[in-house]
Amino acid sequence: MTSPNPPRPNLSALGWLLAVPALLGALITLLLPTVQTLWLSFQSGGVMRESAYAGTANYADLLGDGAFWRALGFTLSLTLLPLLVAVVVAPLLALALDRAGAWPRRAGRVVLSLAVVTFSPVAVAGAWTRGLSPESSGLAALAQGLREPGTAPWTLRLIVAAGTFGIVCALAVLAYLPALRGGSAVPATLAVAALVLLATVATGVQTFSIGMVLTRGGPQHATETLAGLQYDYAFRMARFGPGAAVAALSGVILGVLGVVATLVAVLSRLRITLTPRLKPAQGAPALKGGPVPHDPFGTPGASGPHGGPVSHGEAAYHGGAHARHGAPGGAHAPQGGPVPHGEAAPYGGAQAPQGVPASHGSPAAPGGVYGAGIGSPAAPGRAYGAAVGRRTAGPGWVAAGAVALLIFAAAWVLLSWPWIDGVLATPSAPASTLRTHVNTWVPALAGALVSVGVAYLAALGIGGLRPLGRGSEWLLLAFAPWLFVGPGPLGVANWQNARNLGLIDSFPALVPPLLVSVPALLVLTLLCKGLSERSGGDFFGGVLLPSLPMAGILAGAVTLVNAHDLSWPLLVAQQADAYTTPVSQVTRLGSFAGGTPDIGAATPLLVVAVALAALVAAQLLYLDRLAVTTNGSPVRTDAA
């Protein structure tokens with residue numbers, strides 16, 4: 001008699017093979033530019049003068065000069081208020097939405113999606129420039145403080161906090177919500193909070209667009225940031241050595257943050273998984289002979305009483321499914337008796353059909369788990385990766401969630417009013433043409449498809465096929481130093497490479513010089529890891545298909561980031577025909593003389609509508625079902 005459990009083939013070689021493109025991409029577009037930046041930092045000269053080896057003179061000058069330390073201190077200070085939003089305001093809003101139930105939480109996701117797709121740093125900064133007009137009033141008049149060295153630093157801090165409130169809070173809440181679905185939400189939330197904190201600081205270290213538009217580091221260098229100081233040295237004064245030295249020091253900070261973030265994810269055994277979509281069953285068992293409802297994104301590996309399909313974990317909620325490989329002699333619930341009380345008995349009174357066995361390895365004993373699905377160890381009171389039940393929202397939590405969402409929406413509209421007013425105003429001259437939009441969105445999409453696609457292949461290999469077994473996620477440390485590195489710190493080296501290849505002012509140069517997205521690699525690896533542990537050996541149906549939507553979502557997110565980036569296009573687009581929308585906006589704002597800037601050029605209505613529709617659909621159909629857990633803790637499954 002053949003075994004119903006055929007041995008799983010060794011796919012570690014395929015796992016290594018899938019990771020090769022990401023390793024090569026990191027070598028070409030991350031490691032080599034980093035080495036090149038370090039080499040340039042030991043050189044003198046630049047575009048106007050022949051380079052010569054200068055040893056550590058550039059670093060000695062920088063570290064002995066107050067300009068670097070002033071820029072570093074001011075740059076870090078820009079992150080303080082956004083950090084409060086990310087680690088205080090966002091967790092409270094996420095908790096209120098989570099406890100309020102499905103519909104308030106999903107309404108919150110829609111509102112948060114709008115804050116994400118409408119954000120453009122150049123447009124936000126451009127809107128605040130209207131406050132520099134003597135006749136300005138309201139919140140925008142705060143920009144008047146940018147004129148004086150004594151008031152400019154705090155004014156810019158407040159403008160950055162106001163302009164980024166919506167996007168920071170939205171992204172942080174969307175990160176916290178899956179952590180709150182875990183059966184042990186506290187450790188998962190703490191791990192996510194650490195990652196959010198590190199990501200916020202890393203983003204602040206690379207702040208460039210808002211300062212470039214509003215102050216350009218002035219007045220009297222009072223608002224100089226690290227990215228602005230690097231740009232001034234390398235491209236305004238044509239001194240590559242000091243500019244590369246600033247980039248190298250910034251890269252060290254970002255590298256440390258990236259390594260720490262990766263260690264947090266690995267040491268906490270962080271994983272992301274999908275919870276099955278359930279319909280309210282009122283605790284009734286499945287009909288005799290009928291299949292348990294199938295979840296198209298669920299993990300196969302369990303079936304209904306008579307062979308019907310059931311996604312992983314659904315059996316715990318319908319009381320009528322058993323593990324596909326359940327032993328004939330497995331424990332049975334008494335006829336008409338209640339399912340043994342445990343984490344996977346959310347309805348408290350769900351009854352098992354006559355003679356239906358418990359899931360494989362799950363004892364039908366008090367504290368045990370009935371129908372927890374394949375992969376659940378026989379541990380009393382706990383199902384590894386199983387659902388812990390539906391939380392019913394009381395009227396108080398529903399009201400709290402609604403009030404919290406209204407407060408967020410009101411604060412976001414108030415703090416974004418200068419941008420909203422600028423978008424509604426009629427510009428004196430358009431900042432974008434069809435050519436500009438093509439330059440903006442086509443390279444941004446191409447770069448996202450390549451960098452996220454390569455990252456997805458590696459995530460399938462590392463997280464899905466596990467070439468090193470349980471320690472496979474340690475391979476992420478090879479990419480960790482560049483987890484938070486954007487185009488800025490590598491800009492000097494990449495610009496020199498583009499110039500040597502004759503690509504300046506060409507369309508290919510507008511494609512971001514990055515072959516692998518390390519943030520996407522981290523997220524997708526954690527997702528593939530969580531899905532693999534519950535797939536029952538089905539790589540295609542249990543890992544590849546359920547993770548594919550996340551790859552598409554991340555590709556869309558990276559496209560938005562690429563399209564709104566200013567630092568790289570500003571270096572390679574020197575002629576108007578090669579301008580992207582952010583570069584065109586900055587150019588027109590720089591020559592602005594009494595007219596109304598075109599604030600809405602960066603967020604055209606068609607792009608916002610398409611992106612919002614796609615993100616809302618992703619939020620409701622996919623992202624709302626994600627759960628972040630640590631150390632194999634169970635997840636909570638809500639009714640659809």
Side-chain angles (χ1 to χ4, degrees), residues 85-86 89-119 164-182 185 188-189 192-193 195-196 199 272-279 295-297 390-393 397-413 416 523 527 546-547 549-561 603 607-629 635-640:
V85 174
V89 177
L92 294 177
L93 176 58
L95 179 63
L97 292 177
D98 178 72
R99 294 299 180 90
W103 289 111
R105 185 182 68 247
R106 291 169 184 171
R109 287 184 175 276
V110 173
V111 175
L112 296 171
S113 298
L114 184 60
V116 171
V117 301
T118 57
F119 177 75
T164 61
F165 171 80
I167 185 69
V168 170
C169 191
L171 293 178
V173 169
L174 296 179
Y176 287 123
L177 282 174
L180 293 172
R181 296 179 72 90
T189 303
V192 170
L195 296 178
V196 168
I272 307 172
T273 190
L274 279 172
T275 59
R277 186 185 295 110
L278 302 176
K279 296 181 179 179
D295 174 16
F297 292 109
R390 180 176 61 184
R391 177 184 291 143
T392 303
W397 276 113
V398 173
V403 170
L405 182 59
L406 287 175
I407 292 175
F408 164 78
W412 173 48
V413 171
S416 301
V523 173
L527 176 61
S547 62
M550 177 60 82
I553 292 168
L554 291 175
V558 174
T559 299
L560 290 176
V561 172
T603 51
V607 172
V608 171
V610 172
L612 182 62
L615 186 53
V616 168
Q619 293 279 10
L620 301 183
L621 300 177
Y622 188 85
L623 295 177
D624 194 45
R625 298 173 52 210
L626 292 180
V628 175
T629 64
V635 300
R636 191 188 80 240
T637 303
D638 294 333

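This structure is a prediction, so every number in the text was calculated from the model and none was measured.
For the side chain to side chain donor-acceptor pair (under 3.5 Å) test, residues two or more places apart in sequence or in another chain that qualify with W412 are S416. In terms of the side chain to side chain donor-acceptor pair (under 3.5 Å) criterion, T164 has no residue partners (sequence neighbours excluded).
In this structure a side-chain-to-backbone donor-acceptor pair under 3.5 Å is present from R181 to D624. The backbone N or O of T275 sits less than 3.5 Å from a side-chain atom of R625, completing a donor-acceptor pair. In this structure, Y622 contributes its side chain and A617 its backbone to no donor-acceptor pair below 3.5 Å.
Residues V85 and P91 come closest through the heavy atom pair O-CD, 4.4 Å. Heavy-atom minimum distance, A94 versus L177: O-CD2, 3.5 Å. The two residues A170 and A115 have their closest heavy-atom pair at CB-CB, 4.2 Å. The minimum heavy-atom distance between V616 and S113, with the atom names listed, is CG2-CB, 4.2 Å. What you find for P104 and V398 is that their closest heavy atoms are CG-CG1, 4.4 Å. Heavy atoms only, all atoms of each residue included: A179 and V192 are closest at CB-CG2, 3.9 Å.
By the 4.5 Å heavy-atom criterion applied to side chains, L623 and M550 are counted as neighbours. Two residues are said to be in side-chain contact when any heavy atoms from C-beta on lie closer than 4.5 Å; L112 and Q619 fail this criterion. Side-chain atoms of I272 and P178, non-hydrogen and from C-beta on, never get closer than 4.5 Å to each other.
Taking CZ from R109 and CG from L405, the interatomic distance works out to 12.5 Å, rounded to the nearest 0.5 Å. Annotation: the span from I167 atom CD1 to T118 atom OG1 amounts to 7.5 Å, rounded to 0.5 Å. One finds the CZ atom of F119 at 13.5 Å from the CG atom of L114 (value rounded to the nearest 0.5 Å).
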Inset, instruction - Let me see the working for L626 and T273 under side-chain contact (heavy atoms from CB on, under 4.5 Å), right down to the final yes or no. - result: CA-CA 6 Å; L626 292 180; T273 190; over 6 Å; no
Inset, instruction - Decide side-chain contact (heavy atoms from CB on, under 4.5 Å) for V196 and Y176; before the verdict, give the C-alpha distance in whole Å, the side-chain angles of both, and the deciding distance to 0.1 Å. - result: CA-CA 9 Å; V196 168; Y176 287 123; 4.1 Å; yes
